[in-house]
Protein chains: 2
Amino acid sequence: MNTLAYGLLGLVARTPSSGYDLMLQLQPFWQAKHSQIYPLLAKMEQEGYLEFTRVPQTDRPDKKVYSITEKGRTALREWLTQSTSEPVLRDELFLKTYCLWLTDRNTARKLFEEREAHCLEQLNMYETFLEELKLACDGTPQDHGSPYFGEYILLSRGVSSMREELNWCRWVMELLDQQA
Amino acid sequence: MNTLAYGLLGLVARTPSSGYDLMLQLQPFWQAKHSQIYPLLAKMEQEGYLEFTRVPQTDRPDKKVYSITEKGRTALREWLTQSTSEPVLRDELFLKTYCLWLTDRNTARKLFEEREAHCLEQLNMYETFLEELKLACDGTPQDHGSPYFGEYILLSRGVSSMREELNWCRWVMELLDQQA
DNA sequence: CCCAGCATGTAACGAGTTACATGATTCG
DNA sequence: CGAATCATGTAACTCGTTACATGCTGGG
């Protein structure tokens, strides 16, 4: 049971889902490929944290829909009381930024333009998901106890952190332009 | 030559340093343990990106001081022109946040109090480093072309992202309290 | 006297990515 | 007709962490 395993458990606790679906739901908060998820789900099922039913589909491939067991729910609650490991941010742009003095203004500028575009994309995604969430549960997400509460505050965080990063990109580009 | 390798190259390009020292300098921007750095430096030296001189010390163990070669500097400049891979943030708190509805207010609150404390620590570190940097190069860091420019904008980013995260933690705690 | 910091390294393991593998449907 | 999406899996590899290993110095 590693961090990803608990993450999957948390998703399944709200809505039973297939591995493919879990991968998609998890994307905005934790990046994991299907090749990491499928074997882990199988292992968690063997150890009794999850169970699955095979759901045949006519137009699409069959799916394995996983749901949480009592053992899984207990483990999940226990995990929430334990201390959280420190977040790790790996951003190649940080390392490139450190070396900006070695390069010309154009090359430098391009780095931040690219990041600006990426942030706008992400911001748009978080805002869209937030709107959808509000529609899906009219007014309730601010209520702790609502199964949407966590997602609501996570998406809000996504929005504000993307805005902060955008501001930074623009500030850096201004600094670069001032010396043109 | 992976991302970490370029990161080390960037540090060494500014100031020749030992592996131990590089590990410390890199910490605020990219987390890597000495066990990952030492073998990588050795490999980079063998491939001609770096060279080192053994510096004997009387009171402390001898060190290998690495400096960048012409091949290394060329590779570094080339890397800066290539497109940057997307940043990855792995934060266990995100996954726990998703499951907040499964737990009581106290457990939930503790998670964010812990994170608040961590952010305050980090904020303090970034602010201290920023002050030191300003002293070390009176007024010049805003100048692209100054070898301190990159570090200056990175530390500024550190400060503002920690402030953003602190605000989020406090907002979440307010929401939790409103329902007490 | 023990712990923290300086300084370097290796070995074993766990986490994560890329690539291989298959196969149906739908949309442009 | 080809690309994208749904759906599941394995294999090989790289990246990153933890633990093992050594040794000296200075401070509490």
Side-chain angles (χ1 to χ4, degrees), chain A residues 1-9 11-12 15-27 29-47 50-66 84-92 94-95, chain B residues 1-9 11-12 16-27 29-47 50 52-66 84-92 94-95:
Chain A
M1 291 299 290
N2 57 22
T3 307
L4 176 57
Y6 285 108
L8 293 168
L9 218 46
L11 291 178
V12 169
T15 319
S17 315
S18 66
Y20 188 84
D21 203 21
L22 290 169
M23 177 194 62
L24 295 179
Q25 287 177 247
L26 203 59
Q27 281 317 301
F29 314 116
W30 189 280
Q31 292 72 48
K33 319 273 165 168
H34 71 275
S35 55
Q36 200 182 0
I37 291 175
Y38 288 129
L40 188 53
L41 287 172
K43 201 185 138 214
M44 288 163 74
E45 188 267 331
Q46 270 167 40
E47 289 172 10
L50 295 175
E51 51 194 17
F52 71 91
T53 44
R54 190 171 286 275
V55 176
Q57 298 183 118
T58 50
D59 52 334
R60 286 172 187 178
D62 295 357
K63 33 169 151 174
K64 285 181 170 184
V65 173
Y66 287 90
T84 309
S85 58
E86 289 185 16
V88 177
L89 173 56
R90 283 183 207 279
D91 191 343
E92 196 178 6
F94 288 179
L95 303 181
Chain B
M1 290 299 289
N2 57 21
T3 307
L4 177 57
Y6 285 109
L8 293 169
L9 219 46
L11 291 177
V12 169
S17 316
S18 66
Y20 188 84
D21 203 22
L22 289 169
M23 176 195 60
L24 294 180
Q25 286 176 248
L26 203 59
Q27 280 318 298
F29 314 116
W30 190 280
Q31 291 74 48
K33 318 273 166 171
H34 70 274
S35 55
Q36 200 182 0
I37 291 175
Y38 289 129
L40 188 53
L41 286 172
K43 201 185 139 215
M44 289 163 74
E45 188 266 333
Q46 271 167 39
E47 289 171 10
L50 295 175
F52 72 90
T53 43
R54 190 172 285 276
V55 176
Q57 298 183 116
T58 49
D59 53 334
R60 287 173 189 180
D62 295 358
K63 34 169 150 177
K64 285 180 169 184
V65 173
Y66 287 90
T84 309
S85 57
E86 287 184 17
V88 178
L89 173 57
R90 280 181 209 282
D91 192 343
E92 196 179 7
F94 287 179
L95 303 182

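Throughout, protein chains are lettered first and strands after them, A, B, ... in sequence-line order, and every chain is numbered starting at 1.
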Peer 1: OP1 or OP2 of dT18(D) less than 4.0 angstrom from a side-chain nitrogen or oxygen of Lys33(B), does that happen here?
Peer 2: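 Lys33(B) to dT18(D) OP1/OP2: side-chain N or O found under 4.0 Å.
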
Peer 1: Categorize Ser18(B) for me: base, sugar-phosphate, or nothing, with a 4.0 angstrom heavy-atom threshold over every strand shown.
Peer 2: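 Touches sugar-phosphate only.
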
Peer 1: How would you label the contact of Arg54(A) with the nucleic acid (heavy atoms, under 4.0 Å): base, sugar-phosphate, or nothing?
Peer 2: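 Nothing: the residue Arg54(A), judged by heavy atoms under 4.0 Å, touches no strand.
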
Peer 1: Rounded to the nearest Å, what distance is computed from the CG atom of residue Leu41(B) to the P atom of nucleotide dG9(C)?
Peer 2: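 Going from Leu41(B) (CG) to dG9(C) (P), I get 8 Å.
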
Peer 1: Can you tell me the distance, in whole Å, between the CZ atom of Phe52(B) and the C1' atom of dG9(C)?
Peer 2: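 Result: 13 Å.
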
Peer 1: List in numerical order all residues of residues 19-27 of chain B for which some heavy atom is under 4.0 Å away from an atom belonging to DNA chain C.
Peer 2: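 Residues of residues 19-27 of chain B that come under 4.0 Å of DNA chain C are, in numerical order, Gly19(B), Tyr20(B).
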
Peer 1: Taking all heavy atoms of Leu95(B) and all of Gly7(A), pick out the closest pair and write down the distance.
Peer 2: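 The pair with the smallest heavy-atom distance is CD1-CA, 3.8 Å.
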
Peer 1: Between dG9(C), dA15(C), dT18(C), which one does the side chain of Asn2(A) approach most closely?
Peer 2: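 My answer, after comparing the listed nucleotides, is dA15(C).
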
Peer 1: Rounded to whole Å, please give me the gap between CD in Glu86(A) and C1' in dG16(D).
Peer 2: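 Atom-to-atom, Glu86(A) to dG16(D), this comes out as 16 Å.
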
Peer 1: Where do Gly19(B) and Leu41(B) come nearest, in terms of heavy atoms and distance?
Peer 2: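 Shortest heavy-atom contact: CA-CD1, 3.6 Å.
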
Peer 1: Between dT8(D), dT17(C), dG16(D), which one does the side chain of His34(A) approach most closely?
Peer 2: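 So the side chain of His34(A) is nearest to dT8(D).
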
Peer 1: Please check the phosphate of dA7(D) (OP1 and OP2 only) for any side-chain N or O of Gln57(A) closer than 4.0 Å.
Peer 2: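 Yes, because at least one side-chain N or O of Gln57(A) sits under 4.0 Å from OP1 or OP2 of dA7(D).
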
Peer 1: Search all heavy atoms of Ala32(B) against all heavy atoms of Gln27(B) and return the closest pair with its distance.
Peer 2: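 Closest heavy-atom pair between Ala32(B) and Gln27(B): O-NE2, 3.1 Å.
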
Peer 1: So, is Arg90(A) near the phosphate of dG16(D), with a side-chain N or O under 4.0 Å from OP1 or OP2?
Peer 2: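 Affirmative; the distance criterion is met.
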
Peer 1: Which residue, Val65(B) or Val88(B), contacts DNA chain C at a nucleotide closer to its 5' end, judged by nearest heavy atom?
Peer 2: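 The answer here is Val65(B).
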
Peer 1: For Thr84(A) and Glu92(B), does a side-chain donor sit closer than 3.5 Å to a side-chain acceptor?
Peer 2: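 Note: Thr84(A) and Glu92(B) side chains miss the donor-acceptor criterion.
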
Peer 1: Measure from the side chain of Lys63(A), starting at C-beta and using heavy atoms only, and say which of dG9(D), dA7(C), dA7(D) lies closest.
Peer 2: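 That would be dA7(D).
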
Peer 1: Whole Å only: how far is the CH2 atom of Trp30(B) from the C1' atom of dG16(D)?
Peer 2: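 Value for this atom pair: 11 Å.
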
Peer 1: Grab the two heavy atoms, one from Thr15(A) and one from Ser17(A), that are nearest each other, plus how far apart they are.
Peer 2: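 Looks like O-OG, 2.8 Å.
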
Peer 1: Which of the following nucleotides, dA7(C), dG16(D), dT10(D), is nearest to the side chain of Ser35(A)?
Peer 2: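 Among dA7(C), dG16(D), dT10(D), the one nearest the side chain of Ser35(A) is dT10(D).
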
Peer 1: Using whole Å, report how far CD1 of Ile37(B) lies from P of dT10(C).
Peer 2: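 Answer to the nearest Å: 14 Å.
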
Peer 1: Might you point out which heavy atoms bring Lys43(B) and Met1(B) nearest each other, and give the distance in Å?
Peer 2: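 Distance-wise, the nearest heavy atoms are NZ-N, 4.5 Å.
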
Peer 1: Rounded to the Å, how far apart are Gln36(B) CD and dT18(D) P?
Peer 2: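 Rounding to the nearest Å, CD of Gln36(B) and P of dT18(D) are 12 Å apart.
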
Peer 1: Where is the tightest heavy-atom contact between Phe29(B) and Phe94(A), given as atom of each residue plus distance?
Peer 2: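 Here Phe29(B) and Phe94(A) meet closest at O-CD1, 3.6 Å.
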
Peer 1: Round to the nearest Å and state the distance from Met1(A) atom CE to dA15(C) atom P.
Peer 2: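 These atoms are roughly 11 Å apart.
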
Peer 1: Does the side chain of Lys63(A) reach to within under 4.5 Å of the side chain of Gln57(A), using non-hydrogen atoms?
Peer 2: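 Heavy-atom side-chain distance check passes, below 4.5 Å.
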
Peer 1: How close or far is atom P of dG23(D) from atom CG of Asp62(B), stated in whole angstroms?
Peer 2: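 The answer, rounded to whole Å, is 14 Å.
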
